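Structure, as C-alpha cells:
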Amino acid sequence: MKNKLSSILITFAFVFVFVLFYKGLKNTNIYTPEKKINNVVPLFTVDLFSTGKKVNSIELFSAEKFYLLNIWSSWCVPCRQEHPLLMYLSKNKIVEIIGLNYKDKKINAQSFLDELGNPYKNIIFDKEGIYAIEWGAYGVPETYLIHNGVIIKKYIGPLNEELIKEIKSLIK
Amino acid sequence: MKLLKLFFIIFIIFSLNHLKANNENIKNDITKNLRCLTCQGQSVYDSDSEFANSIKILVKKKLNEGLSKKQIYKFFKDKYGEWILYETELNKNTYILWLLPILIFLIGGAIVFKNFIFKK
Amino acid sequence: MIYSVIGYYSLILGLCFSLILIFFSVRNFNNSKLLDPKILSFTFLQFFFVVISFLSLVLSFVFSDFSNETVFNNSHTTKPLFYKIAGTWGNHEGSLLLWLFVLTLFIFIFLLRSKSQPTKYKILTLVFQQIIIIGFFIFLIKTSNPFNFLFPTPEEGLGLNPILQDPALAIHPPILYLGYVGSSIIFSSALSATSLNLITKTWASHIKKWVLISWIFLTLGILLGSIWAYYELGWGGFWFWDPVENVSLMPWLALTTLLHCILVLEKKLILTSWVIILSIATFTLSMCGTFLVRSGILNSVHTFANDPERGLFILIFLFSLIFLSLFIFFFFYKANKDTPTSFFWLSKEAAIIINNWFMMYFLSVVLIGTVYPIFLDVLSSQKISVGPPFYHKLIIPIIIPFLLMMAIGPKLKWIKSNLEDKIYLFILLVISTLLSFLIVKNFDTNLLVNTILVSSALYLFLITLRDFFIKKYNNISQNIAHFGFSLLILSILLNNFFSTEIITNLKVGETFETENTKIIFEDISQKKEKNYQLITGKFIIQNPGGKIDNLSPELRIYNQPNIVTSEADIKTTIIADKFIVINLVQNQEYFNVRYQVKPFMIWIWLSVLLISFGGLTSLIKKKHEK
C-alpha cells in the first residue's frame, strides 16, 4: 500500500516536472529587462557635448512638456538608420529631443552630426557609457519618452515609422 | 616536519605577495555578482563587452562616492531587475530555491540515521 | 555529396538493425539458453554502419563538402585540418552522431565482455540499450539530420565559432560522451537485472567496471571543459557554475555516489534498491543534461544552437525512459528481506551511507539551482539568476564534514570498528588545524570559516598522504582518489586566497606600477594568419624580487565568422600561473589589460587527473586479480 502510494506520488511529480519543462521550452531564454515605466528621470551630473558645461540631469527635463531622450553613437549602424526620423521630429517641432552620446569620440560624433544634421536640443556626453546605465539602458540605440520628469515609454532598438506614429499619438 | 617547513615557506612567500583589500577588491566582488546583459551567462567581471566595461567603471564611481555594496546592488536591481544579481535574495520567489536543498538535507539525514544507523 | 548519401543511408540501415535486433532478442529470450550468435554479429553490423556514417561526416568536413548543410554551417576552407575534423562534433548534429557512435560501440563491447553473464540478462540489457539507440536514431534522422543537402552548393562555409577552435575543446566532447554513454550501459543493465531479479554481488562486481569506466571519462571530460574555460572564457576563472557546467557535474555526482554504493553491494548484499535508483538517475541526468543544453531552454555562456522542436523530442524521449524505469522499478523490484539493513554507527557501511547522504545533498543543490530559474519563469514569469554565491553558500558548509568523513571513513572496518590505535587521527587533526590557522591568519576575511575549511582539506590531505607510506594499504586506488580530492580542494582554496590581479588601461609603451609589480606594455605587432588576423602584445612583467617575465597575449580577429577573441598568455609554474589578457576598448587607443597571479592552478588540473587515475588503478587492479 505504502509502495503504491509512493509510486503514484513520484509519477505525478515527474509529470509535473515534464509539464514545467514543456512550457519552459516555449519561453525565450534571452533576458530583456522589463520596460519599467513611470520611473522618474535619474539624477546625475553630466557634461554637455557642445559646451562641456556640467549640468544636472533633471534640469534638462524640467519643463512641463514632453521630451525624447535618444541614446546614440556615431559607430552604431542602426542609429544612422533612425536618424532621419529624429530629424523629422525636431524640424517639425513635435517634441524636444535630448541626445545621449554613448561611448563616442567627440570628433566622430561631430562629423556624424555635420553629415546627418543635429536634431538634439542638448547632448549629454557619455564617454564611458555610465550615464546610459543610470537610465537602465544596455545598448544603442534606445529611446525614452519623458513627460513631467517621468519616463512614460521606453524603446529598445532603432525607431521606425510606426513608433513615430505611436509617439505622436502619445504626445497628443 | 619537512611538510611543516614547506608550508611555512609557502605561507611567507604569499604573505609578502598579497595585495591588501581595497576598493578594487570590493569592486571585483560586486562585478562578479552582476550578470552581464549583452553576453548573458557571464558575470560583468568576466565579460569584456561594452556594457560590462561601463558597469565596471560605474561601480568604481559609486564606491568612490561612498555607496555600500548593498546600495550598489539595489541600484542595479532597480535599473535592470532581479535577474542582474547572481546572488538571489531570500524572498517570496526564492524561498523554495534556498529552503528545498536544506529540507532535502534534513530529510536525507533523518532517513539515513533512522533506517540504517540507529535502527534497532 | 557522395559522403552525405552514404552517411544518410548508413544511418537508416543502422536503425533497421535496431529493429532486427529487438526481434531476434525477443525470439532468443523465449527459446534459448545460449545467446544467439546472430545477435552479436548484428550488433557489430549496427556499430559498423554508424561508424561508416560518422566517417562520411568526418570526410565531408575534411573535404569541405559544402553541399552538406552541417558542413556549410560549421566549417570553412581556411580552417586548419585538425579543427575541420574536430568540427564534426563541434555542432549539434555531429555531436549527436558521436553519441550514437559511442552508444553502439559500448553495447557491442558490453556483449563481448559479458560472456559469463546469464543469457537472459544480456539479451534484456541489449533490448533496453536498443530502445535508447532507436530514440537517438529517430532523433537524428527526424530533427537533426547531419546530411541535409544544400542546392546550389555554396562556395564557402560559414566557419566554426572561433572560441571552439581550441585543442582542449576539440577532444572534450568525445571524452565527455564516453562518460555519458557509459552510464547508459549501467542504466540498461540495472533495469534488466531488476526485471530478472538478478541484483547480486556478482552483478555488482560485473557492473562496477562500467561504472569506473564512465566515471573516469566523465571526470576527464569535465576537467577538459574546465581547462578550456580557464584560458578561453572569462578572466582566469575555471568554474562558473554555469548551467552547462552544472549539467555535466550532476551525472558525475550521481556516478560517484553509485561507485561507492557498488562497493558496498559487492561486499554485502545491501542497499540494492538504492543502487538501482542511482543507476537510473545517472543516465537520466546525462540525458537531462543533453536536453537542457540542446533545447536552448537554458541561458548560458556556451553557445549552442537552439531549436524547440529538438528540445521537445528529447524531452518526450527522456520522460519515456524515466517512466519506463519507474515502471520496472515498482513492478519488478523485490526487496531482499533476509539481509540486515542496519549498521553499527562506527563501520564502513555507515561511513559510505553518510557519504551518500552528503553527495545527494550536493546533487540536489546543483539540480535545484540549475532548473529553478526555468520553473520560476514558467510558474510566475519572474526572471532570476542563480549564480556562484548560491552554490557556495549551500555547498561550502557541508564540504567540511564531508572532507572529514572522507578521511576517517576508509579507516573503518566493515560491520564494526573501533577507534583503538587511531590516536594519529586526532594528532593529525590538531596539526592540520594549526597549519591552516597559520596560512589563513594574514587575511582579514572570515578567519574562522576559512581556517576550518582549509584544515579539513588539509586533514584529508595529511591522512591520505600518510597512508601512501605507512601501511601495506590494500586500497591504493581509493587512497589516490581521495588524496587527489583533498589536493583539489586545497588548491582551489589557496588559489582563491592568494590570487592577485591588476586591471588597467594601457597604451603601447606605457608602464603600470604597483608597490611590487611593474607591467610594461612594450610593443604590439600584427600578423596575418590562415583564418584570422593576429595582434600580439608584448609585455614585460617585473615581479617582486626582480624576476622578469615576458608575456604576449593575443587578439585574434577571425574573418569567418567575424569575431574577435582574446587569447590569454599564461606562464605556468609549479607555484603559480601568470595570466595576462588584453582587450580592445571601443573607440579608444588604449587596451584593457588584465594581469593575474593565480597560485596552484596547475595543481587543480593535476589533482583531478589524480582522481581519475585512482579510478584507473582500480580498473587495472581488477583485471590483474582475474
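The shown structure was predicted, so the numbers you read here are calculated from the model rather than taken from an experiment. Letters A, B, ... mirror the listed sequences (proteins, then strands); counts begin at 1.
Using a 4.5 Å cut-off between heavy atoms, B/I55 contacts chain A through both its backbone and its side chain. Using a 4.5 Å cut-off between heavy atoms, B/K62 contacts chain A through its side chain alone, with no backbone atom that close.
Taking CD from A/E128 and CD from B/E50, the interatomic distance works out to 12.0 Å, rounded to the nearest 0.5 Å. The line from CD1 of A/I130 to NZ of B/K56 is 14.5 Å long, rounded to the nearest 0.5 Å. Atom NZ of A/K103 sits about 5.0 Å away from atom CG of B/N53, to the nearest 0.5 Å.
Here the shortest heavy-atom pairing between A/A137 and B/F51 reads O-CE1, 3.6 Å. Summarising the geometry of B/Y80 relative to A/G136, their closest heavy-atom pair is CE2-O, 3.2 Å, with the distance given to 0.1 Å.
Shown here is B/L90, whose CG atom has more than 12 heavy atoms of other residues, nucleotides or ligands within 6.0 Å. Counting heavy-atom neighbours within 6.0 Å of A/E162 CD, excluding the residue itself, gives a total of 12 or less. More than 12 heavy atoms of other shown residues, nucleotides or ligands fall within 6.0 angstrom of atom NZ in B/K32. The environment of B/F75 atom CZ is dense: over 12 non-hydrogen atoms of other residues, nucleotides or ligands sit within 6.0 angstrom. Taking a 6.0 Å sphere around NZ of A/K23, one finds it holds 12 or fewer heavy atoms contributed by other residues, nucleotides or ligands. At most 12 heavy atoms of other shown residues, nucleotides or ligands fall within 6.0 angstrom of atom NZ in A/K121. The local environment of CG in A/L116 is crowded, with over 12 non-hydrogen atoms from other residues, nucleotides or ligands closer than 6.0 Å.
At least one side-chain heavy atom of A/I133 sits under 4.5 Å from a side-chain heavy atom of B/F76.
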Checklist entry - Please walk me through it: do A/W135 and B/K79 pass side-chain contact (heavy atoms from CB on, under 4.5 Å)? => result CA-CA 7 Å; A/W135 287 90; B/K79 300 288 178 208; over 6 Å; no
